[in-house]
Amino acid sequence: MDVRGIVADEVTVRTVSTSYGETDLAEVPVRLVATDDAAAGTGPLADGGTESDASAPGDRGADTRAAGADGPIGDEPLEDAHELTTITCWNKWVESAELLEPGMELLVTNVEEDEYQGETQYTTTGDSYVVVEPSFLVNVTAIRNWVECPRLYYLNKLSGVPLNYPVVKGTIVHEVFGDLLRGRDLEESIDARVEERGLQLGLLGETPEAVAEDVRENAAAIEGWLEQGRLTEDDSWRSEQLLISETFGIRGRADAIRRGAPVELKTGKNLRKEPRFKDKVQAACYALLLEEHGDEVDTGTLLYTKNSALDRNEETGDLTPAKDFSMGAGLLKFVVRLRNEIAAMEVKGDVPTGYEGDAKCEYCFEQDTCMVVSGRLDQESKAGQIGQALPDEELEYFDRLYRAIEEERREVHREYAKLWQQDAQERADDDRALIDLEFVEKRPLEEGRWELRAKRTAGGASKLREGDLVLASDGHPVRGNAELAMIERLDDEVVLTADEPVEVCRLDVYPSELTTDRLLVAMHDFLLKGDGRRKDVLFGREEPSFSLPEETFIGNNAAQNEAVRKAVGADDFALIHGPPGTGKTYTIARAIRAMVERGDRVLLSAFTNRAVDNALEALLEQLEEHGEGVAPEAQREDGETVEVVRVGSESGVREDMLPYRLERAGDPEDRLAELENAQVVAATTATCGSRELKEQYFDVALVDEAAQLTEPGTFAAATLADRFVLVGDHEQLPPVVRAENDLTESLFERLVETHPDAGVMLDRQYRMNQRIQYFASQEFYDGKLRPAEPEVAARTLDDLVGVSRDALPPTLRDPVTFVDVEGDGSRYTDAAEAERIAELLETYADAGLRYEQMGVIAPFRAQVSTIASRVPDAVAVDTVDRFQGSSQELIVVSFTATGSLEGPIFEDYRRINVALTRPKRALVLVGDSRALESDPVYARMLEWADR
DNA sequence: GCTCTGCTCAGAGGA
C-alpha cells in the first residue's frame, strides 16, 4: 500500500534501540491525500471510511499546488478534513525525511499499516521508497550531475553547456548507435548524422571526414558488441526510450533497453575496470523508471566505446567495451534519495554549496567557473570564491529573477504531472490531448525512423499544431507505450514521425523546460558575462548616451525619423514605442537598413516567429526597393549585397521566408559561412539562446514586440550585441508567463518608465478612421495618437470598391457602433451574441463588403468557435491575443459577458486596447450593456461607441 | 477563472 500526504508539522528524528541495535527513525506528521489506491477503494482513506468522500482523486492536484505555491513554510493550514497521521521512516530514509518541511508533499510506497493508541499509522518497510515532492520531476542528467557534485548541477543549470566538440561527437555516436539498433547501415548512418550537424561542426572548425572517422572508431566498438550479442542470444531491443515516473518523480531518456534492462552508451574515456559511479547512477535511474513500467530490473550495461582498442589486447581476454553490472535495491534507493535532495532543494529555493557531496574540488573541471560564480554571486561554496561580488542591487535582481524563473519551471512540472493526474477526457477538454485517434499504419522510413498514421474519429480543437513535438502513445502517455513524435500533418488524418513504431491512438502536449532553461542562462550571461557599462546603465548608475546622426531618414514623419536616429545613434540602447498602426515595422526596417549601410551587423529578434517574419519581410521589401537586396541564392555568392539569414525551425518559419532560412545540415564550411557572412540574422529570442547563436556577435540587436518579452527573454537577444533597440507597445499585450511573478513586466516597459528620454513614441497612425482611434488614444496614449494623414482620419467603408454605407441600416453607418445584446448567460460562450454577429456580418456583406475584409474578435476560445461555426469561413474569427499585430476593414468584437464583467480577461485593459485598434474603417461592439457599464473603462467605451 | 508562443527532447563529455 502507498500513502501520500502533506507534511503537517516538524519532523522528529530520534534513535531507538531494536533487537538489531541502535537505529535512527524519523516521524513525519502528515495529512493524507488520496492516492490512486484510495480511489480504487483499497487505500488508507477508503479504509478510514469517514474521509474518503472529502478527497476525490482530483483533489490531489489542488493540494500539490497549494503546497508548492505557498512554499515549505505551509503558512496556510490545510483546513480541510484530511486525516492527520504519522509516517515513520526507518534507516536511510531518515535522510530523506530530514529534508522535509511543513507544507511539502511526501509519497511512501509499500508501507505497513499499524494501530497506535487507536490511530492508524504507517511505517516504511524493506520494500518502501520515500519520495519527497513526487510531482517535482527531476531529470536523469540532473541526478547524474548532482551525484558528482551538487554544485555542478547548479552551475550547469545556470550557465548551460556551450558548444564543444566532445559533446557534439558524443551526440553523433549516440545517434548512430540508435540507428544501428534500428537496423540502419553503419556507413549510411554516419554520413547522414555528420551531415545533419553541419552548422555545429562548422562553428567548431571540424571537417566532415575527420568527424566521420572519429565516429567510426567509436561505432566499431558498438558494432562488434552488437554482433557478439546477436550470435549468442535472442535479444529484444528498444532504442531511445522516453520514460517518466509518476511515483519517483524522475524523467529521462534511456539510450537503449535490452531484454528489459538499460544500456548506457559512453563515448568518453574510462580506463578503469569498473564503470564510473555516476554512470551507474544514471543507469540505475533508468532501471527505476523501467521498474515502474513493469519488470524488476537488476542488471545494467555500460558501453564505453573508447575502451575497445585498449581492452582487446589485455590478457583478461575481455573483448568487449561493455561492462555489465548488477543493481541491487540499495543502489536504487540511493538514487531515490539523491533525487529527493534535488527536489527538496528546488522547492525550498536553496542554492547548493558543494559540501552536500564528497567530491574533491581540485579534480573538477568546473572549479574555476564554480569559484567565479560563487565570488560574483557571493555564494558559499566548497571550492571557494574568486573576485568581487556584484553590487547589492544586482544580487537582489539575480535572486528575484532566479526565483521567478524557477516558478515558471514549477508550472512546467505541473504540466507534466497533469499527464497522469488528469484523465484522458479532461486532457482533451483542456485542449492538451487528442484522444480520438484510430491507428492506421506504421511505415519504416529510410533513415531508420517510422512514419505513423492515425485517423481522427471526432473533431475538436487542441493546442497541437503541425511541427510540434508530442507524446504519441498507444493509450496512456506515462503508463503505456509512449514515444516523442513530430506532427508532420494534422487534419482529419494525423501523420507523425518517430524513432519507434508506436501504435498511436493518443497525442499529448509535451511540456518542455527548454525556454525556462534559456531564460536562466540569459539572465546569468547578462549579469555575469555582460559588459559593465550596460549594467551600469540598466541599473541606473549611468545614463544611456547617444551619438545622434544629423541625417534625415524618414522625411514625412518626424517621430519615425527621430526613432530611426535614436536607434542608429544609440550607444547603449534606444526604445521605440509604437502604438497600433503607427508604422512600427516600417520604422524598424528603415533603421536596420541605415545600420547595415553603416556596416553594422544586426540581429533582428522578437518573441514570436510571426513577429520576426513580419519584420524581416518589411526589411526585405525595403532592401529590394533600394537595390541592395536580392534573391537569397545570389546573396551567398556576392559580397556586395546585404546578406540576410533567418534562423529557426522549418515549421516555425513562415513559408515565404523559408528561402532565407539557415539549414543546419550540410557542409560545415558552407553552413558556417552562411551564418557568419550574414549581415542581418533574424531569429526568435528563444533561438537566440541556442548553442549556435550564442557564440555569434552583433553590433546591434533590434527586438520587436519587446513588450511581450520578459526581462531575461530580452537579454537572450541583447547580450549577443553591443547595443540594443527595443520596439513595442506596453499598452498592448504583456509577456506570456505561467506563474504570477516578477517576469510579468517587460524590460521595455521598465526602461520606458525609467528612461523616457531614451525613447520615442510614434504618434501618427496609418490605420484607423479618426472616430475609431479616439477612444484608444484618450484612454491609453494620453490623447497623443493622431491620424497620420487626412485620408486616414476620414476613411470609411465607402472608400472600398463596391461598398456603400447607404445600403446599411442607419445605426451601422457610423464607423463605431454598439449593439446591445442581452446574452444567454453562459460563462465562456454566448450563442445570442454569436447569432447577432452572424446577422451583422450578413448585413455588411449585403452592403458590398467581402467576408475576407471582416474580422471577429472574442475573449474566449470557446466563443471563437461558437462564432466561427455560424459565419462563413472567409471571416477571420479569433481571440484578442491572436489578433494582435493584424488589422481588418471591419472588426466586430464579441464581449461574451452577461450581468457582470467577471474574469481576469476583462481586467487587463490592454486586451481591450488591442481589440479596439484592429479595424481600419468600421468597428461594431456587441455585448450586454448592463455588464459593460459595471466597469468604468468599459462604461467610457460605451459612451464613446453609443455617441 | 482566462488568454497564450517558444523550443526538437534530453543528453551529449572533458580527465
Side-chain angles (χ1 to χ4, degrees), chain A residues 139-142 144-145 148 156 161-175 177 197 200 240 242-243 251-255 264-272 276 278-279 282 306 363-366 412 431 463 465 467-471 483-487 497-499 510-519 606-612 648-652 664 683-691 705 708-710 713 716 733-738 827-828 858-864 878-884 896 902-908 910-911 914:
Chain A
N139 264 354
V140 170
T141 35
R144 178 186 151 95
N145 285 332
E148 192 167 10
N156 240 319
V161 177
L163 191 66
N164 63 28
Y165 180 62
V167 170
V168 174
K169 188 197 73 181
T171 309
I172 296 174
V173 174
H174 275 76
E175 287 167 346
F177 177 50
R197 299 205 172 252
Q200 288 190 341
E240 295 279 314
L242 176 75
L243 296 155
R251 73 166 197 272
R253 206 167 175 186
D255 285 345
E264 253 307 298
L265 182 66
K266 294 292 162 200
T267 54
K269 272 187 202 133
N270 177 19
L271 303 176
R272 274 179 270 152
R276 266 180 302 234
K278 62 177 177 184
D279 296 340
Q282 187 176 5
K306 265 209 177 158
Y363 301 143
C364 179
F365 310 101
E366 302 294 344
V412 178
D431 298 337
K463 287 192 159 57
R465 291 166 311 177
D468 279 0
L469 199 64
V470 292
L471 264 178
E483 184 67 35
L484 275 178
M486 161 79 96
I487 304 183
T497 49
D499 282 346
Y510 185 73
S512 164
E513 286 180 51
L514 190 107
T515 31
T516 326
D517 289 339
R518 289 189 179 171
L519 289 185
F607 179 54
T608 62
N609 277 306
R610 201 181 58 188
V612 171
S649 67
E650 212 173 333
S651 59
R664 290 174 179 221
T684 59
T685 49
T687 299
C688 289
S690 69
R691 229 164 273 167
E705 303 277 16
Q708 277 191 74
L709 274 164
T710 60
L733 297 176
V736 176
V737 287
R738 292 165 208 263
R827 196 161 174 135
Y828 304 121
F860 308 113
R861 279 210 288 163
Q863 178 68 352
V864 165
D878 229 322
T879 56
V880 186
D881 302 61
R882 292 199 209 183
F883 246 104
Q884 173 152 334
T896 328
E902 265 176 48
I905 203 144
F906 298 107
E907 283 162 19
D908 196 337
R910 289 174 285 196
R911 271 211 173 72
V914 175

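Each chain gets a letter, A, B and so on, in the order its sequence line appears, and its residues count up from 1. Just so it is clear, the model here is predicted, and its values are computed rather than measured.
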* Asked: Counting distance only, does the side-chain N/O of A:D255 pair as donor-acceptor with the main-chain N or O of A:L265 below 3.5 Å?
  -> yes

* Does A:A683 offer a backbone N or O that forms a donor-acceptor pair with the side chain of A:T687 under 3.5 Å? -> no

* **Whole-Å gap separating P (B:dT5) and CG (A:D881)** => 8 Å

* Asked: Expressed in angstrom and rounded to an integer, what is the separation of A:Q708 atom CD from B:dT5 atom P?
  -> 10 Å

* Asked: Starting at CZ of A:R465 and ending at P of B:dC7, how long is that distance when rounded to a whole Å?
  -> 10 Å

* Could you state the atom-to-atom distance from CG of A:D431 to P of B:dC2 in whole Å? => 11 Å

* Asked: Quick one: does A:D908's side chain have a donor or acceptor within less than 3.5 Å of a partner on A:R910's backbone?
  -> yes

* **Under-4.0 Å side-chain N/O to phosphate OP1/OP2 contact, A:T685 with B:dG6** => no

* Say whether, by atom type as modelled, one donor and one acceptor occur between the side chain of A:R691 and the main chain of A:P162 under 3.5 angstrom. => no

* Just checking A:F860: base, sugar-phosphate only, or nothing, at a heavy-atom cut-off of under 4.0 Å? -> sugar-phosphate

* Asked: When all nucleic acid strands are considered with a 4.0 Å heavy-atom cut-off, which category describes A:Y828: base, sugar-phosphate, or nothing?
  -> sugar-phosphate

* Structure fact -> Considering only heavy side-chain atoms of A:V736, the closest of B:dG1, B:dT5, B:dG6 is B:dT5

* **Minimum heavy-atom distance between A:T879 and A:V864, given as atom pair plus value** => N-CG2, 3.6 Å

* For DNA chain B, produce a single dot-bracket line, 5' to 3'. Pairs: Watson-Crick or G-U wobble, both distances under 3.5 Å. Symbols: ( ) within strand, [ ] crossing, | other strand, . unpaired. => ...............

* Structure fact -> dist A:R518:CZ -> A:T515:OG1 (nearest 0.5 Å) comes out at 8.5 Å

* Nearest-Å distance once atom P is located in both B:dG11 and B:dA15 -> 23 Å

* To do: Compare side-chain N and O positions of A:R882 against OP1 and OP2 of B:dT3 and report whether any pair is under 4.0 Å apart.
  => no

* Asked: Could you give the CG-to-P distance, from A:N609 to B:dT5, as a whole number of Å?
  -> 11 Å

* To the nearest Å, how far apart are A:L519 CG and B:dC7 P? -> 12 Å

* Any A:R911 side-chain nitrogen or oxygen under 4.0 Å from OP1 or OP2 of B:dC2 -> no

* To the nearest Å, how far apart are A:E175 CD and B:dC9 P? -> 13 Å

* For each nucleotide in nucleotides 10-15 of chain B, reading 5' to 3', give B when a protein heavy atom comes within less than 4.0 Å of its base, S when such contact involves only the sugar-phosphate, and - otherwise. => SBBBBB

* When the P atoms of B:dA10 and B:dG14 are considered, how many whole Å apart are they? -> 23 Å

* Asked: Nearest 0.5 Å, what's the CG-OH distance between A:L242 and A:Y510?
  -> 4.5 Å

* Name the nucleic acid region contacted by A:S649, choosing base, sugar-phosphate or nothing; use a 4.0 angstrom heavy-atom cut-off, strictly under. => sugar-phosphate

* **Distance, nearest 0.5 Å, that separates CZ of A:R827 from OG1 of A:T896** => 12.5 Å

* Okay, side chain of A:N145, backbone of A:A142: is any donor-acceptor separation there less than 3.5 Å? -> no

* Reckon A:R738 touches a base, only the sugar-phosphate, or nothing at all at heavy-atom distances under 4.0 Å? -> base

* **Integer-rounded Å distance: B:dT8 C1' and A:I487 CD1** => 13 Å

* Asked: Short question: side chain of A:Q884, backbone of A:L733 - any donor-acceptor pair under 3.5 Å?
  -> yes

* How would you label the contact of A:T684 with the nucleic acid (heavy atoms, under 4.0 Å): base, sugar-phosphate, or nothing? -> sugar-phosphate

